[in-house]
Amino acid sequence: WCQFDYVIDPERLLTNPGYLMSAALSPAMEDDDTAARWRLLLLEDCDELICPGAKSGSGQALSRLLNLTDGLLGQGLDLLVAISTNEPLANLHPAVVRPGRCIAQVEVGALSPSEARRWLGRPCEIGPHGATLAKLYAERGELHTVNHRDERAVVGQYL
């Protein structure tokens with residue numbers, strides 16, 4: 001029912017009108033004889049584009065985003081825009097979170113201990129607060145952690 005497009009450079013998307021129109025108007029992929037009706041555009045890490053000072057920091061990017069979602073540009077599109085951010089809704093620009101614009105707030109947190117064990121597919125020690133996907137990938141051996149050594153600057157003479 002939906003075609004999915006992932007945008008990892010939302011600053012470029014919203015500051016380059018050609019790129020924006022290409023992403024917004026690209027034809028829906030066809031599966032057999034049925035075309036996807038809706039398209040989902042996922043904008044990753046958009047904190048600075050949707051914060052209260054967005055207009056002064058990123059120019060027309062916020063306006064373009066709002067036009068794409070419910071302005072004249074967005075009226076004829078079957079397009080949903082999902083935005084990921086680490087900011088709480090209260091810290092975002094009021095125009096982004098006003099009623100009718102922000103359909104849902106979805107927080108992705110740790111999996112419960114039972115969900116984590118089920119995702120991992122084997123018994124393991126999971127704390128009472130559950131585990132994040134990063135921790136589970138590390139547990140499965142698919143994520144390599146970087147050991148950080150605390151190297152304090154040495155003050156003194158050098159050759």
Side-chain angles (χ1 to χ4, degrees), residues 1-121 126-140 142-143 145-146:
W1 69 273
C2 184
Q3 176 183 336
F4 176 76
D5 292 304
Y6 184 82
V7 176
I8 59 172
D9 56 350
E11 299 87 9
R12 186 174 151 243
L13 175 81
L14 295 171
T15 56
N16 182 332
Y19 181 22
L20 177 63
M21 293 308 292
S22 172
L25 300 175
S26 67
M29 297 184 325
E30 295 197 15
D31 182 29
D32 297 325
D33 293 331
T34 309
R37 175 169 159 65
W38 284 90
R39 296 186 56 241
L40 174 64
L41 190 62
L42 175 60
L43 307 180
E44 186 75 28
D45 292 329
C46 281
D47 302 16
E48 56 277 341
L49 294 175
I50 57 175
C51 67
K55 187 165 184 165
S56 63
S58 59
Q60 292 297 311
L62 177 60
S63 295
R64 288 188 183 113
L65 173 63
L66 299 176
N67 288 337
L68 180 65
T69 57
D70 68 350
L72 289 176
L73 175 62
Q75 291 303 306
L77 303 176
D78 290 331
L79 179 69
L80 295 172
V81 178
I83 299 172
S84 75
T85 178
N86 290 324
E87 291 292 327
L89 280 181
N91 294 354
L92 301 180
H93 195 287
V96 174
V97 296
R98 75 176 170 98
R101 279 215 176 114
C102 185
I103 297 172
Q105 175 184 355
V106 179
E107 290 190 34
V108 180
L111 298 174
S112 71
S114 63
E115 291 171 325
R117 287 186 198 92
R118 189 169 47 252
W119 184 92
L120 193 57
I126 302 289
H129 300 293
T132 64
L133 283 177
K135 180 175 172 25
L136 293 174
Y137 274 108
E139 178 71 29
R140 249 182 15 189
E142 295 180 25
L143 180 70
T145 58
V146 176

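These numbers come from a predicted model, not from an experiment.
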> Do Leu111 and Ile126 touch side chain to side chain, with heavy atoms closer than 4.5 Å?
Replying inline: no
>> Which residues pass the salt bridge (Lys or Arg N to Asp or Glu O under 4.0 Å) test with Asp45, not counting sequence neighbours?
In response: none
> Heavy atoms, side chains only, cut-off 4.5 Å: are Leu66 and Arg101 in contact?
Replying inline: yes
> Leu13 and Ala23: which non-hydrogen atoms are nearest, and at how many Å?
Replying inline: CD1-CB, 3.7 Å
> Ignoring hydrogens and geometry, is there a side-chain-to-backbone donor-acceptor pair from Arg39 to Leu77 under 3.5 Å?
Replying inline: no
>> Among Leu80, Leu20, Leu68, exactly one meets side chain to side chain contact (heavy atoms under 4.5 Å, CB included) together with Leu41. Which residue is that?
In response: Leu68
>> So which atom in Pro17 and which in Arg64 form the shortest heavy-atom distance, rounded to 0.1 Å?
In response: CG-NH2, 3.8 Å
> Taking only residues at least two apart or on different chains, which pairs with a member in residues 110-120 satisfy salt bridge (charged side-chain N to carboxylate O under 4.0 Å, His left out)?
Replying inline: none
> Roughly how far, to the nearest 0.5 Å, is the CH2 atom of Trp119 from the CD atom of Glu139?
Replying inline: 10.0 Å
> Looking only at heavy atoms, what is the nearest atom pair of Pro128 and Pro113, with distance?
Replying inline: O-CG, 3.8 Å
> Quick one: are Asn67 and Leu72 in side-chain contact, heavy atoms under 4.5 Å?
Replying inline: no
> Atom CG of Leu14 and atom CG of Leu65: how far apart are they, to the nearest 0.5 Å?
Replying inline: 5.5 Å
>> Could you measure the distance from the CD atom of Glu11 to the CG atom of Asn16? Nearest 0.5 Å is fine.
In response: 12.5 Å
> Just how far is it from atom CG of Asn91 to atom CG of Asn86, taken to the nearest 0.5 Å?
Replying inline: 11.5 Å
> Atom CG of Asp9 and atom CG of Leu43: how far apart are they, to the nearest 0.5 Å?
Replying inline: 9.5 Å
